[in-house]
There are 2 protein chains.
Amino acid sequence: MTVTLADVAARAQVSPATVSRVLNGNYPVAATTRERVLRAVDELDYVLNGPASALAAATSDLVGILVNDIADPFFGIMASAIQSEIGGPGGRAGGERLAVVCNTGGSPERELTYLTLLQRQRAAAVVLTGGAMENEPHAAAVAAKLRRLGEAGTRIVLCGRPPAPETTAIALTFDNRGGGRELTEHLIGLGHRRLGYIAGPEERTTTRHRLEGHRAALAAAGIEEDPRWTVHGRYDRRAGYEATLELLRRDPSLTAVVAANDSVALGACAALRDSGLRIPDDVSVAGFDDLPFSIDAMPSLTTVRLPLAEAGARAGRIAMGREEPPPGGIATVRGELMVRGSSGVPRE
Amino acid sequence: MTVTLADVAARAQVSPATVSRVLNGNYPVAATTRERVLRAVDELDYVLNGPASALAAATSDLVGILVNDIADPFFGIMASAIQSEIGGPGGRAGGERLAVVCNTGGSPERELTYLTLLQRQRAAAVVLTGGAMENEPHAAAVAAKLRRLGEAGTRIVLCGRPPAPETTAIALTFDNRGGGRELTEHLIGLGHRRLGYIAGPEERTTTRHRLEGHRAALAAAGIEEDPRWTVHGRYDRRAGYEATLELLRRDPSLTAVVAANDSVALGACAALRDSGLRIPDDVSVAGFDDLPFSIDAMPSLTTVRLPLAEAGARAGRIAMGREEPPPGGIATVRGELMVRGSSGVPRE
DNA sequence: CCTTGTATAGAAAGCGCTTGCTGTAACGCT
DNA sequence: AGCGTTACAGCAAGCGCTTTCTATACAAGG
């Protein structure tokens, strides 16, 4: 029914061992023999049996990429960059690898399940992207799983995620705190004193770090923060819209709204407009990430650009062992403040 | 070193066969025995060896999702929906499956490579999303590959992609032609007579179908199309920006610009604004897809909503054999015209 | 001409799991 | 009591490949 190595061997009049060696190209095979084998492969339309090969060789060519939300360009861009350094015929020398992205939907259980599945497949490497959960039992479970994966020889890279102590994971961490701080400093520099903040889900590291940066900037400027000025929500437009209305209700005198990310910021803009407020004349808005659409908003969004594609590419190369990991296994990737039309001096 | 089935069997004082059956749960095992085995699995922290299992059972739990551009929400949304019906602990009864998305980057070779890789892994199912290439040799190669995959028992579903004759593939096709036609009819109905069209890459089916719909609407209204009114480009914002400038250069009297998709439309809006034109007062703009950000553009985008999430979910269910395929293996998914702020009556 | 070295091919032993088939008790029936 | 059932559990034969070790052939050196 299906063509096997043995069939190819028979047709090429060689032993299965030789065919295997031709296909893997890591053992001397005479040119004429190789030729003959390749022809047979072609004629029979032979396709290697991945599981069998993985079993015998005790390695696989699968590389997993875990993302929180594949529908969000933040992850899409990173995943794309990672994959481009790993998979398909895109890259490199050294055998094709199946780079696969797994969508956890931000759910801790799914994250764990995917890691187990990847462990089952004896994945060659795993890249985890985006913020981690701070929920304790889960964090411990993930760390344990990563440790076990690492012991089994799977290379692990965290991209845009805080380091995982006691594991072999290499971490490329985004400087969310620094970016958040810089952004708010910019707003304060323009003269804003009453700033609303729309944070992401409470239990994400990203949320906490960005918020900490924001607060650090306020503190440095001697601005006492009003607890009413912070609202939590999901990382999407809808949440931004609702949170903004809530913020406005709590304190109509706010002159700026800082959002957890660009999608949220867009929702905030919509809410402000729907409330009859002009941006930035009445209220300034700022986002985070600088996703491609952010420049198209009207007015275009002041935000912090994160080099998602670059970081992803680097993570991919490290996962493939094609780039030296940073010293200590940890590198911080900084963002860049992009001042655009959505922020201006406060009214009055 | 690594724990195997045999280790578990020894610990539970049963044969490996029994352990396997407990784990696969498709054969009667006494409750007490099962209990004992499960405990051993737990104590030993045993993880099934995927390749070995796939080899022995001649099946795998991998499901591949091919997308053209994972950084584009159009694909991200579909992939997310497909995956939610397939993978992780998200869905279903019947064993966990590893749903993986593969990014072809729109490259025919990568598409083929991924299909081969998936074939190697003996994937349980494959979902191909988005428009196909019309490039003849490649189309034939893909068809051949799909046929072979189908013969090997892999279920194949096309989502937002035209049917593949002579294969076992089930197709959920978007009615790009109908949507394109409806959109242009709307514009014509408003009074527009000189409409620019920014098409996608020439060799994509999606591009051709949307353009055909547009032209059908023009023809039906007795409008003779000027060849200068159509420009081709990639499916991204940048291309839309440049194409619009080109369109304006060719014929400054255009009163509407129809874009191949929403990203392109956003680029078009930016170009129009940068040219000092107001939307829709001077020029109306229309997109396609209705991605989440489209409603946030200023003005919000008139477009055709494609039920990406619904179609993806359905494709996922069909791929898993949890939903009957449509009769004839082909279903057409229609879009819905969303009239918003970016289209209005032409000036003068 | 025989020994040693080098290049290449084959034999065969698994890799860790699944599953058809073969026991073997315990059970129910006549 | 005798016999067919039923319900589990184990044996063992692979699944299709990789890889170590061994064999062969020929070239070169003494």
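Numbers restart at 1 for each chain; the letters A, B, ... are given by sequence-line order, proteins then strands. The figures that follow rest on heavy atoms only: side chains count, while hydrogens, waters and symmetry mates do not.
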_Applying salt bridge (charged side-chain N to carboxylate O under 4.0 Å, His left out), can you list everything that pairs with A:Glu151, at least two apart in sequence or on another chain?_
none
*Straight-line distance of B:Arg322 CZ to B:Arg317 CZ, nearest 0.5 Å*: 7.5 Å
Using nucleotides 19-23 of chain C, report all nitrogen or oxygen pairs with the protein that are shorter than 3.5 Å.
residue	atom	partner	partner atom	Å
C:dG20	O6	B:Arg21	NH1	3.2

_End axis versus end axis in the helix from C:dC1-D:dG30 to C:dT30-D:dA1, the angle rounded to 10°, five pairs used at each terminus_ = 40°
*Do any side-chain nitrogens or oxygens of A:Ser53 fall under 4.0 Å of OP1 or OP2 in D:dC17?*
no
*asked:* Among residues 2-14 of chain B, which ones have heavy-atom contacts with DNA chain D below 4.0 Å?
replied: B:Val14
*Inter-residue atom distance A:Asp61.CG - A:Ile86.CD1, 0.5 Å rounding*: 11.5 Å
_So, using side-chain hydrogen bond (donor to acceptor under 3.5 Å, both in side chains) as the criterion, who are the partners of B:Thr168 when residues are at least two apart?_
none
*For residues A:Val100 and A:Val63, determine if any side-chain heavy atom of one lies less than 4.5 Å from a side-chain heavy atom of the other.*
no
*State which residues pass side-chain hydrogen bond (donor to acceptor under 3.5 Å, both in side chains) with A:Arg122; sequence neighbours excluded, sorted by chain then number.*
none
*Sequence neighbours left out, what passes side-chain contact (heavy atoms from CB on, under 4.5 Å) with B:Arg155? Give chain and number order.*
B:Ala125
_Residue list, side-chain hydrogen bond (donor to acceptor under 3.5 Å, both in side chains) with B:Ser53, at least two apart or on another chain_ = none
*State whether the number of non-hydrogen atoms from other residues, nucleotides or ligands found under 6.0 Å of A:Glu166 atom CD is greater than 12.*
no
*Could you check how far CG of A:Leu55 sits from C1' of C:dC15, rounded to whole Å?*
4 Å
*Would you please say whether a donor-acceptor pair under 3.5 Å links the side chains of A:Ser107 and A:Thr104?*
no
*Identify, with sequence neighbours excluded, every residue that meets salt bridge (charged side-chain N to carboxylate O under 4.0 Å, His left out) alongside A:Glu35.*
none
*For A:Arg148, enumerate each residue passing the salt bridge (charged side-chain N to carboxylate O under 4.0 Å, His left out) test, keeping only those at least two apart in sequence or located in another chain.*
B:Asp45
*Those residues that, when tested against B:Asp42, pass side-chain hydrogen bond (donor to acceptor under 3.5 Å, both in side chains) (two or more places apart)*: none
_Stretch residues 30-50 of chain A: residues that reach within less than 4.0 Å of DNA chain C through a heavy atom_ = A:Ala30, A:Thr33
*Rounded distance in Å - CG (A:Leu23) to C1' (D:dT19)*: 15 Å
